[in-house]
Each structure stands twice: as structure tokens, then as C-alpha cells.
Amino acid sequence: MNINIERTKAPKQKPSSDNLGFGNYFSDHMFIMDYTHGKGWHDARIVPYGNFEMSPANMALHYGQSVFEGLKAYKTKDGRILLFRPEKNMERLNITNDRMCIPSFDSDLILDAIEKLVNIDKDWIPEGEGTALYIRPFIFANDPFLGVRPALTYKFMIILCPVGAYYPEGVNPIKIYVEPKYVRAVRGGVGCAKTSGNYAASLKAQKEAKEKQYTQVLWLDGIERKYVEEVGTMNVFFKIGDQVVTPELSGSILPGITRASTIELLKHWGIDVVERKISIQEVFEANASGLLKEVFGTGTAAVISPVGELNWDGNIITVNKGKTGELSQRIYDEITGIQNGVIEDRFGWTVEL
Ligand code: COI
């Protein structure tokens, strides 16, 4: 399929790299493609970024048939543009689509669309330390219809957003509240899919945690409320003694691409890493016996985020004296080094535009 390109006649002022935050600014262009039952995906195009019209009966607004991905483009010191494992995002989006009854798409076409869009808006890639151009592909049902069924029409869009650190703490350790009351997902549900409703369902817990001065919540499993699942916007790892443990992908956890890369990296370094069930009790007991060395989260937006404090039912532990651990820092340096093209990419993870 050909991608039509219409360039903006009114480029916007770009924000300074110093204070971008996350999700505040959008580049000059966006990608759109439509799906119609019986016709498939059609009319792929890049157009000036802007608002668009939608029926008040739009099915995605009412029933949440809406999915997304997140990846980043980086500008290297010598001016190259790198993407980090974009094919993995395409793979995961098609798996999410399948779970949410959204028709699959051709990954190569969307990878081509991302390349074209990022190239057109390449001056929007920020160059400051810890910054990148966040790429947000998303798909939503577009039928004006109020019956509950999979839609017959969809829109696939991609927008670009220059970003800095996701958390206000930057790369400093964050405080996490272990959520006792609400659950994020159960096996057989949609916890492993990147669908909008998962994030809507997390808001109340996140709001209550914020009121207690915690940055994010740590979700426990939805049945026994015992086993660690993930943190609001990232997967989680524990360094216990010399071993690194991360919850296994049980069907209710998001299969993170930074998570998978971290596991590969640890194995490459010869560090013992296991994916298994880990209870919150085990984490607190490991801390009591002096074995809990580090806790960190992984995610595209969050990158590698050290955790400095955990609060479980009023029991508060400080991890690694509230400081970034040696291993968390090493993983952060390696992954961001590969992403920014300053460390050789031995794994073939980056794609140069
Ligand atoms: C990402 O890390 O790309 C995510 O999708 C998290 C997002 C909800 C901010």
C-alpha cells in the first residue's frame, strides 16, 4: 500500500529540550489509515497533526475497543536516527489486536510508516540527555453504533511526542505503594494486552497512592493478592542476593520489550536471572534478612527506574538506602547507551532510519 504524504504549511514552534516532561508536545505530522470491513486497511497517509471529527456514538468511546503501543526514536551524537526493537512493538500490537477483536495489520507497512513519519519530523527528536521522540501508534473502533460487538471500521494512527523522563523523579529512585485493595488484571482477562481500559482501571489506585505521596502502585495478582505482577507503567525486577527475579508472564502481565531486553542483557552478562512467581511476602522477608539488594522497573516510557521505597500495608522498606543500585545503573547505562548509539549494539536491537 502506498503512503500518501501531505506536509504542513504551518510548522509549529518546537519546545526546548530542557523541560519536556512526558506527553506534553506533539510534532507537526501524524499517520492515519482506515479499516473497513470487506475492504481491509486502506488510505494510509501522513498529514499535518490536528484534531479530527468523530461521531458521538463512536464505539471506542463507549466500549473501549482501543489499543496502543509505545516506542522511541533517538538521535545519536553523529546525527543518526535509531529505533529500538520496533518489530517487537508491531508483534505485540498484533497480539493485542487479536485479544481485542481488532483486525491485524501488516507490520512492514507500519514500520515503513513510522520511518517516513519520523524522517519528516526528525527535527522534533530532542537531543538532551534522557530525551527521545516517543512514537505512539494506536488503533480504535470507529463505527457510530451502540450495540456491543467488534466494530466494522477502525482508525490506525501514529503521533510523535518529544519526551524527557516519565517520572518527575527523573532517573532517581521512586516510591511505590503495594496496592492492597484494587487489582489490575486476572488471568484470562486483558492484562497482557496493551489496551486503553487497563490504564483507565489503574487510575483510582494511582490517585490514592499519589495522595499518600507514592509515585506508582505495585499490583499484586488478582486472585490471591499475594504475588507481584507489575508496576503501573512498567515491569518490575528484584535483586535478591546474587539473583535477579522478575514475575513470570502469567497472562495478566504486560510482556514488556524493555523487560525482555533486560533479561537478555543479564543473561549475556552471566547474571543469574529467573522469571517466576514471587510473593510480596518473599520480597519483604528478603529485605528483613538483608538479601534484597535492588528493585527496579523497566518500560519504554520509564526506561530503567530504580525503586527506593516500598509500602505494603503500612510496612515500609527502603531499598538500597533509597539510592540507585549498581545493577540498575549498569542496565540503564547499557540500554540507553545502545539506544543512543554510544555503545555498540551487540544484540542487533537498533534499527537505523
Ligand atoms: C510505555 O512505556 O510506552 C507505555 O506504554 C507506558 C505508558 C502508559 C506511558
Side-chain angles (χ1 to χ4, degrees), residues 20-27 64 66-74 82-97 99-100 110 114 117-118 125-126 130-140 156-171 174 176 179 184-185 190-207 209-210 215-219 229-237 246 249 252-263 296-307 331-332 335-336 339 349:
L20 291 169
F22 186 93
N24 298 309
Y25 305 98
F26 302 97
S27 75
S66 159
V67 300
F68 70 96
E69 267 303 325
L71 63 159
K72 283 174 174 170
Y74 309 83
L82 300 179
L83 301 178
F84 187 71
R85 312 188 82 177
E87 71 290 346
K88 292 280 169 208
N89 295 89
M90 298 302 105
E91 212 178 280
R92 187 171 63 183
L93 188 52
N94 263 325
I95 293 171
T96 295
N97 274 8
R99 179 65 184 84
M100 301 304 292
I110 297 303
I114 290 174
L117 184 62
V118 171
I125 308 176
T131 64
L133 187 69
Y134 187 75
I135 304 168
R136 170 54 63 88
F138 59 107
I139 309 171
F140 57 92
F156 192 139
M157 302 186 66
I158 307 172
I159 56 175
L160 306 176
C161 181
V163 297
Y166 185 77
Y167 296 118
E169 289 89 340
V171 288
I174 59 170
I176 301 276
E179 177 52 52
R184 176 182 175 273
V190 294
C192 58
K194 214 156 168 60
T195 181
S196 321
N198 282 339
Y199 297 81
S202 74
L203 295 177
K204 189 150 172 72
Q206 194 186 316
K207 177 172 168 276
K210 270 233 160 81
T215 313
Q216 285 275 321
V217 300
L218 175 67
W219 297 106
E229 297 245 301
E230 63 181 72
V231 173
T233 57
M234 50 189 196
N235 296 112
V236 67
F237 287 73
T246 192
L249 297 178
S252 52
I253 295 176
L254 192 81
I257 294 159
T258 315
R259 173 189 182 278
S261 309
T262 298
I263 293 171
F296 59 90
T298 61
T300 300
V303 197
I304 304 296
S305 248
V307 174
I331 301 166
Y332 177 88
I335 290 191
T336 57
Q339 290 170 336
W349 285 340

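Numbering of ligands and ligand atoms starts at 1, following listing order. All figures in this text were calculated on a predicted structure; none of them were measured in a lab.
Between the side chain of R259 and the backbone N or O of G299, no donor-acceptor pair lies under 3.5 Å.
Aromatic ring orientation, F22 versus Y166: perpendicular (interplanar angle above 60°, classes split at 30° and 60°).
T258 is not listed as a side-chain neighbour of N235, based on a closest heavy-atom distance of 4.5 Å or more. Annotation: side chain of S196 is not in contact with side chain of F140 (no heavy-atom distance under 4.5 Å). Using a 4.5 Å heavy-atom cutoff, the side chains of M90 and I114 are in contact.
Between Y166 and ligand 1, no pair of N/O atoms sits closer than 3.5 Å. At least one N/O-N/O distance between A301 and ligand 1 falls below 3.5 Å. Between T233 and ligand 1, not a single N/O pair is under 3.5 Å apart.
At the top of the distance list for atom 8 (C) of ligand 1, counting protein heavy atoms only, stands Y199 CE2, 3.4 Å. Annotation: atom 5 (O) of ligand 1 to nearest protein heavy atom, K194 NZ, 2.7 Å.
Close approach to Y134 involves these atoms of ligand 1, each under 4.0 Å from a residue heavy atom: 1 (C), 3 (O), 4 (C), 5 (O).
Ligand 1 has no atom lying under 4.0 Å from any heavy atom of E69.
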